[in-house]
Amino acid sequence: MSTVTRSVRVTEESIELDPFAIRDTVTADVRFDGHRVWSVTIPYARDGVIALRWPKALRPWLDGRTRVSVHDSANGREIGAADVHFGTSEDRIEVMDSRGRWLAMTKWDRLGPVLEGRDGDIRRQLLESSRELVTLLEAADYPVYIVGGTLLGVIRDGGMMPHDDDVDLAFLCREDNPADVGLSSYRMERLLVANGYTVIRHSLAHLEITFFSETGEPDYYVDIFTGFFRDGDYCQPFALKGPEIVESDLLPTRPREVEGVELPEPNRPEAWLEFAYGPRWMVPDPTFKFVTPRSTRLRFESWFGVYNRGRVYWDKSYLERDTSEGFTDAGVSLQRFLADVPEGARVLDLGCGDGRWSVEIARTGRRVTGIDYSHEALRLAREHDVDGLVDFHRVNVNDRAALYELGARMLATGDEWYVFAHHSVQAMTKVNRAGLYRFFELVLRGEGFAEIVSDTELSPFYEHGKPSTWHLPVEWIERETRERHLDVEVVARAVRRDNGRRRPTAAVRIRRRPGSLVEATAARKRQEEENR
């Protein structure tokens, strides 16, 4: 398929533009039948042609008919357009999710729902929900102000930006020690939960408040970042750190009307915007990305952790489904696991995903608790569990506080627990796996064990942003648990099909070593001191 119309040539590989039609355009919006699906920085011309190569996430949608138009992001001027036919479908292309929300490429190089093209009531609900949050937090003496794309849209354009997808808030924390900053964030979380809000913790310094539709589906969200001063620098994890901001730039806040709803803005909003977006912040650039120095990123991650790495991938994956699927090798793994689990025993399905295997275990008479950190996965899981056999909960196992709270509740039952972790632990980072092994030391009692099934070799289709392509060799588990009060046994090795390729897997069974954990911990500390 190749179509040439009005200075635009569209193929399944790229959009080619005439450099003379670009003029002084810096960034362009690409629209399908008038709906923006992608914003891109104009590259240099090569061989007299400017080529905009389709992003990987958008390529699967190139099947059907649409009018492709390219517009200057700054002023909306149409640079060129063409009526095109991709692939074999005769339908109009609609880049939507399973709930009918229009999708567009985000600054994270993936497709996601944005405000543009959505029901106008969503914008109003988002703003009003933000106002209610601000009222609650201000009453509790948290100085809150709008930041990020929300502040940028309000100051530059007079309202919310159409390609945004949330409201960004921050509060100024009076602490400067990272541990105290984290404690302040936990106090805020407890306040929000006590008032009925659903809180997703991204780190010790970043909360996401999720709001749901009438049918219980995640609808929109508000980010709350923590700002604080340390050694003369204003820090706002996850990305901002520098001396350019002083307290008088932030406080006292000032009221700002945002599409009829009053929200607080920093005392000098222009100072924050230049700090975050640079001196050209007034020039629209929907392709903008924060470039965080590696030293800053590592410092923030070591101080505050990263609890939601990969969650957006799973959310998107489950959002595109309307039925349970599961991994193809789970049936054999499940039979082996259940052969050693007594009838009526307590089972924790750790990383239960769409709940398919949780329900299968429950149908054998075991009492099952399924946990996952993806609301979209749990939505499918509850729909699949038509008989209400499984107790599903949202728990983020990367968040040690949440994980150990779960462990305390499990111990309070007085029962032995068996943990089924099928292709979930391999999607965790080494740092977060360490917290999981400590959790196993806490909850495994008597004959209870945890069975981890993982791919042991890297996927040939590996992508860092897709945790399903990660791997976890047995040697890593053995090395990482060496200092723990745990015994590790490989109970099976197999091969599964993954996108037409063969990937080796291993089932590793972990038990708590007999003896006192207190004594073992003391011995380990003595050994560490001797090694120093």
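Values below: every heavy atom of this structure, side chains too, minus hydrogens, waters and symmetry copies. Please read all numbers here as calculations on a predicted model, not as lab measurements.
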Please report the closest heavy-atom contact between A21 and I79, naming both atoms and the distance.
O-CG2, 3.7 Å

Assess the residue pair F300 and F238 against the criterion (ring pair (Phe, Tyr, Trp, His ring centres under 6.0 Å)); give the C-alpha distance rounded to whole Å, side-chain angles, the decisive distance to 0.1 Å, and a yes or no.
CA-CA 7 Å; F300 283 161; F238 57 96; 8.9 Å; no

Within the 3.5 Å criterion, strictly below it, is a donor on H71 or S69 matched to an acceptor on the partner's side chain?
yes

Donor-acceptor pair, distance only, cut-off 3.5 Å: does the side chain of D385 make one with the backbone of V390?
yes

Taken to the nearest 0.5 Å, the spacing of Q125 CD from D121 CG works out to 6.0 Å

Within a reach of under 6.0 Å around CZ of R92, are more than 12 heavy atoms found that belong to other residues, nucleotides or ligands?
yes

Ion pair R309/E301, N-O distance below 4.0 Å
yes

Any side-chain donor-acceptor pair under 3.5 Å between Y197 and T210?
no

State, with a plain yes or no, whether a side-chain heavy atom of L458 is found less than 4.5 Å away from one of R503.
no

For residues V40 and T27, determine if any side-chain heavy atom of one lies less than 4.5 Å from a side-chain heavy atom of the other.
no

Are Y313 and P467 side-chain neighbours, meaning at least one heavy-atom pair lies under 4.5 Å?
yes

Worked check of side chain to side chain donor-acceptor pair (under 3.5 Å) between S73 and D29:
CA-CA 6 Å; S73 297; D29 295 336; 2.9 Å; yes

So do R36 and V30 actually touch side chain to side chain, heavy atoms under 4.5 Å?
no

Check: D223/H206 side-chain N/O donor and acceptor closer than 3.5 Å
yes

Considering only heavy atoms from C-beta outward, does the side chain of E12 approach that of R59 to under 4.5 Å?
no

Quick one: NE2 on H35 to CD1 on I93, what's the gap to the nearest 0.5 Å?
12.5 Å

Show your reasoning for whether side-chain contact (heavy atoms from CB on, under 4.5 Å) applies to R502 and R496.
CA-CA 6 Å; R502 293 165 61 86; R496 74 178 183 93; over 6 Å; no

Exam field: side chain N398 to backbone Y307, donor-acceptor pair closer than 3.5 Å
yes

I'd like to know if R123 and E128 make a salt bridge, using a cut-off of under 4.0 Å between side-chain N and carboxylate O.
no

Between R131 (side chain) and E262 (backbone), is there a donor-acceptor pair under 3.5 Å?
yes

If you measure only the distance, is there a donor-acceptor pair under 3.5 Å linking the side chains of S459 and T469?
no

Which label fits F228 and F304: parallel for a plane angle under 30°, tilted from 30 to 60°, or perpendicular past 60°?
perpendicular

Go through it in stages, so that I can follow the logic: the residues are D24 and V26, the test is side-chain contact (heavy atoms from CB on, under 4.5 Å), and I'd like the CA-CA distance, side-chain angles, deciding distance and then a yes or no.
CA-CA 6 Å; D24 56 355; V26 177; over 6 Å; no

Heavy-atom closest pair (R493 atom, A506 atom, distance to 0.1 Å) is NH1-CB, 4.1 Å

Rounded to the nearest 0.5 Å, the OG atom of S454 sits from the CD1 atom of I477 at a distance of 5.0 Å

Within a strict 4.5 Å, meaning less than it, do heavy atoms of the E376 and P218 side chains meet?
yes

Go through it in stages, so that I can follow the logic: the residues are E208 and R201, the test is salt bridge (charged side-chain N to carboxylate O under 4.0 Å, His left out), and I'd like the CA-CA distance, side-chain angles, deciding distance and then a yes or no.
CA-CA 6 Å; E208 176 188 310; R201 179 169 289 281; over 6 Å; no

Do the non-hydrogen side-chain atoms of L192 and L207 ever get within less than 4.5 Å of each other?
yes

Answer yes if the ring centres of Y220 and F211 are under 6.0 angstrom apart, and no otherwise.
yes

So does G76 get a backbone contact from the side chain of D72, meaning a donor-acceptor N/O pair under 3.5 Å?
no

Is there a side-chain contact (heavy atoms from CB on, under 4.5 Å) between L127 and V167 once you walk through the steps?
CA-CA 7 Å; L127 289 170; V167 165; 4.3 Å; yes

Under 3.5 Å, is there a donor-acceptor pair linking the side chains of S89 and R65?
no

Taking all non-hydrogen atoms of both residues, which atom of P19 and which atom of I50 are closest, and how far apart?
CA-CD1, 4.0 Å

Just by modelled atom types, is the D455 backbone N or O under 3.5 Å from a matching donor or acceptor in the Q426 side chain?
yes

Ring centroids only, cut at 6.0 angstrom: are F32 and W54 within range, meaning strictly under it?
yes

Working to the nearest 0.5 angstrom, can you tell me the gap between E360 CD and F420 CZ?
10.5 Å

Could you go step by step and tell me if H423 and T505 meet the side-chain contact (heavy atoms from CB on, under 4.5 Å) rule?
CA-CA 9 Å; H423 290 282; T505 66; 4.2 Å; yes

Set of residues satisfying ring pair (Phe, Tyr, Trp, His ring centres under 6.0 Å) with respect to F461, sequence neighbours excluded
none

Closest non-hydrogen contact found for R256 with I155 is NH2-CD1, 3.2 Å

Does the R124 side chain pair with the main chain of E259, one donor and one acceptor, at a distance under 3.5 Å?
yes

Okay, side chain of S14, backbone of A51: is any donor-acceptor separation there less than 3.5 Å?
no

Nearest-0.5 Å distance, CG of residue L103 to CG of residue D165
11.0 Å

Is there a donor in the side chain of E244 and an acceptor in the side chain of W272, or the other way round, less than 3.5 Å apart?
no

Identify the two heavy atoms, one from P243 and one from D233, that lie closest to each other, and give their separation to 0.1 Å.
N-OD1, 3.3 Å

Under a 4.0 Å threshold between the charged nitrogen and the carboxylate oxygen, would D33 count as salt-bridged to R67?
no

Testing the 3.5 Å rule here: is there a donor-acceptor pair between the side chains of S302 and R299?
no

Strictly by modelled atom types, are Y373 and H375 linked by a side-chain donor-acceptor pair under 3.5 Å?
no

Main-chain N/O of A104 paired with W38 side-chain donor or acceptor, under 3.5 Å:
no

Closest approach of P55 to M105 (non-hydrogen atoms, all atoms of both residues)
CB-CE, 3.8 Å

Distance-only side-chain donor-acceptor flag, D315 / S374, under 3.5 Å:
yes

Main-chain N/O of A205 paired to S203 side chain as donor or acceptor, under 3.5 Å
yes

salt_bridge(R53, E13) N-O dist < 4.0 Å
yes

Are the side chain of D168 and the backbone N or O of I224 linked by a donor-acceptor pair below 3.5 Å?
no

Is it true that R433 and E480 make a salt bridge, defined as a side-chain N closer than 4.0 Å to a carboxylate O?
yes

Gap between atom CG of L151 and atom CE of M160 - 0.5 Å precision:
12.0 Å

For residues S213 and D219, is any side-chain donor paired with an opposing acceptor at under 3.5 Å?
no

What I'd like to find out is whether the side chain of Y234 reaches to under 4.5 Å of the side chain of L250, using heavy atoms alone.
yes

